[in-house]
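Proteins get letters first, then strands, A, B, ... in listed order; numbering begins at 1 in each.
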Amino acid sequence: MYRPARVTSASRSLNPYLVFFAVVAVVVILAVIIGLLVYFLAFDQKYYFYQSSIQILGKQYSDELSSPATEKYRTLSGSIESMITKTFKESDLKNQFIKAHVVKLRQSGNDVIADIIMKFKFTRRINEASMKSRIESILHQMPNNSEDLDMHPTQLIPITGQYTVQLFTRECGVRSDLINLSEDR
Amino acid sequence: IMGGTKAEEGDWPWQVSLQWSSSHHCGGALISNRYILSAAHCFRSYSDPRQWIATFGTSTISPLQRVGVSSILIHDNYKPETHENDIALVQLDREVTFNRYIHTVCLPEANQAISPGSTAYVTGWGSQSYSGSTVPDLKQGRVNIISNTVCNAPAGYNGAVLSGMLCAGLPEGGVDACQGDSGGPLVQEDSRQHWFIVGIVSWGYQCGLPDKPGVYTRVTAYRDWITQKTGI
């Protein structure tokens with residue numbers, strides 16, 4: 001059987017352009033996957049709301065504390081909010097803490113109970129139970145007996161945004177920036 | 001409102017449209033789940049509560065809630081000639097359900113300071129020019145409190161503004177309440193971002209003219225009257 005001496009055969013070397021494009025495509029796909037992973041794991045953040053009740057020892061309740069219109073209500077609420085803000089701004093949650101607002105002052109025995117709402121910003125992947133205990137421990141670190149406020153947190157409850165709206169709309173004179181506890185400019 | 005801008009849903013959740021025979025007639029402010037604060041002159045010739053409804057939300061055409069009126073309380077000493085005691089309470093025939101878009105404004109203390117030059121907002125569905133027609137979407141106007149002394153200048157209202165009244169507007173005019181805004185709220189924000197009603201749209205010479213600001217019923221002067229009538 002004749003076997004021609006020379007048979008032309010397809011060349012075995014790949015087209016360099018093809019190789020280049022294939023490498024670039026793989027690198028881009030990997031970069032996108034890694035970028036998405038980093039974003040969702042580290043940067044995709046969400047707001048979390050917590051309700052707490054803080055017992056103010058030694059503060060006599062009076063009718064003046066029943067309405068946000070009185071100077072006495074404004075002054076006591078303002079002191080409680082600034083105390084909480086100071087405590088969190090000096091903690092390792094300083095970058096996550098957004099704001100605290102007193103939504104109600106009520107009587108409890110001889111003392112005053114302040115119902116407050118706090119807003120934090122965490123990544124979506126936090127362990128909510130451990131974060132709750134973290135916030136509780138910081139609240140319990142609040143200095144007592146400063147500015148003649150003797151404050152003792154009694155409970156901390158994670159709440160939904162919808163329930164936050166319900167708590168706020170029971171108060172008078174609130175607009176959406178307060179309901180959202182928008183960050184102070 | 002003359003010289004105002006469009007309000008978004010939830011911006012002024014206490015704003016009420018008081019409608020006579022289902023057409024907007026006056027504004028009002030929700031102060032509890034049963035009571036609305038408004039102006040006495042709104043009800044001078046329209047005193048039958050069964051003809052009134054209160055609607056909530058920024059649109060008078062497609063409101064978020066409609067509630068009937070059970071009674072109207074006009075101040076006993078309301079004087080149309082001098083606009084004195086131009087204040088009224090409207091009792092609703094059922095409780096309003098509060099939500100993000102509908103809830104109360106705070107009532108100020110009787111001794112709450114209202115400083116001349118401070119910012120206030122007036123809202124309503126009134127006309128946007130003198131003798132114009134009311135509008136279907138809520139408007140808001142940013143004004144400044146003007147002292148009664150300045151307001152009573154000869155070029156202004158020349159003494160017609162009494163102690164139970166409050167002036168607000170801009171010295172150069174241009175932003176003001178107008179026809180159809182009557183009874184609506186003039187509100188201010190306090191240091192904790194709570195909003196208080198400090199005035200009720202009452203009267204003025206035309207709308208938005210320089211030296212002729214809007215004149216409002218001074219709510220702090222009637223704080224005890226409101227408590228006496230509503231318990232709030």
Side-chain angles (χ1 to χ4, degrees), chain A residues 47 49 54 62-86 98-105 114-119 149 159-185, chain B residues 7-15 29-37 56 58 64-65 95-114 120-121 123 138 140 185-198 219-220 223-224 226-227 230-232:
Chain A
Y47 291 116
F49 293 89
I54 296 186
S62 69
D63 273 350
E64 283 183 284
L65 295 179
S66 63
S67 159
T70 67
E71 202 47 47
K72 195 171 178 184
Y73 184 108
R74 272 194 202 103
T75 307
L76 180 55
S77 302
S79 302
I80 293 168
E81 288 158 359
S82 51
M83 179 76 75
I84 293 170
T85 302
K86 183 172 177 287
I98 302 284
K99 201 166 183 177
H101 188 81
V102 172
V103 290
K104 193 173 183 62
L105 293 172
D115 290 331
I116 60 164
I117 292 180
M118 293 179 290
K119 181 179 179 180
L149 275 183
I159 54 176
T160 63
Q162 189 52 38
Y163 186 55
T164 304
V165 171
Q166 269 185 354
L167 285 175
F168 268 111
T169 50
R170 289 179 201 160
E171 271 205 306
C172 65
V174 294
R175 292 181 70 205
S176 50
D177 53 349
L178 184 54
I179 293 176
N180 298 330
L181 280 178
S182 307
E183 290 170 78
D184 289 337
R185 294 198 182 113
Chain B
E8 298 304 325
E9 198 69 79
D11 274 356
W12 312 103
W14 41 79
Q15 177 76 44
L30 190 66
I31 58 172
S32 79
N33 57 11
R34 284 296 295 273
Y35 280 101
I36 292 167
L37 194 61
F56 300 86
T58 56
L64 298 176
Q65 272 190 54
E95 289 186 355
V96 170
T97 310
F98 291 170
N99 58 36
R100 175 186 283 269
Y101 306 108
I102 303 172
H103 51 267
T104 59
V105 69
C106 295
L107 285 166
E109 288 291 277
N111 59 5
Q112 181 158 318
I114 304 171
Y121 284 82
T123 48
L138 186 66
Q140 61 194 25
L186 176 74
V187 292
Q188 286 194 306
E189 182 180 26
D190 78 350
S191 56
R192 296 185 64 247
Q193 293 178 274
H194 284 264
W195 290 78
F196 291 81
I197 179 169
V198 294
V219 171
T220 48
R223 190 66 185 84
D224 295 340
I226 294 171
T227 303
T230 63
I232 303 170

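Between the Gln15(B) side chain and the Thr58(B) main chain, no donor and acceptor come within less than 3.5 Å of each other.
In this structure, the portions of Glu109(B) lying under 4.5 Å from any heavy atom of chain A include both its backbone and its side chain. With a 4.5 angstrom heavy-atom cutoff, Asn111(B) does not touch chain A via any of its atoms. Proximity to chain A is absent for every atom of Ile102(B), based on heavy atoms less than 4.5 angstrom apart.
The ring-ring contact (aromatic ring centres under 6.0 Å, His included) search around Tyr121(B) returns Trp12(B), Trp195(B), not counting sequence neighbours. With sequence neighbours left out, His101(A) forms a ring-ring contact (aromatic ring centres under 6.0 Å, His included) with Phe168(A), His194(B). Thr97(B) is linked by a side-chain hydrogen bond (donor to acceptor under 3.5 Å, both in side chains) to nothing, counting only residues two or more places apart in sequence or in another chain.
Distance check, rounded to the nearest 0.5 Å: NZ of Lys104(A) to CD1 of Ile116(A) gives 15.5 Å.
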Item to complete: List the steps and the verdict of side-chain contact (heavy atoms from CB on, under 4.5 Å) for Val219(B) and Ile226(B).
Response: CA-CA 9 Å; Val219(B) 171; Ile226(B) 294 171; 4.2 Å; yes
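Listed by sequence position, Thr169(A), Glu171(A), Cys172(A), Gly173(A), Val174(A), Arg175(A), Ser176(A), Asp177(A) are the residues of residues 169-177 of chain A in contact with chain B, using a 4.5 angstrom heavy-atom cutoff.
Annotation: side chain of Ile31(B) is in contact with side chain of Val105(B) (closest heavy-atom distance under 4.5 Å).
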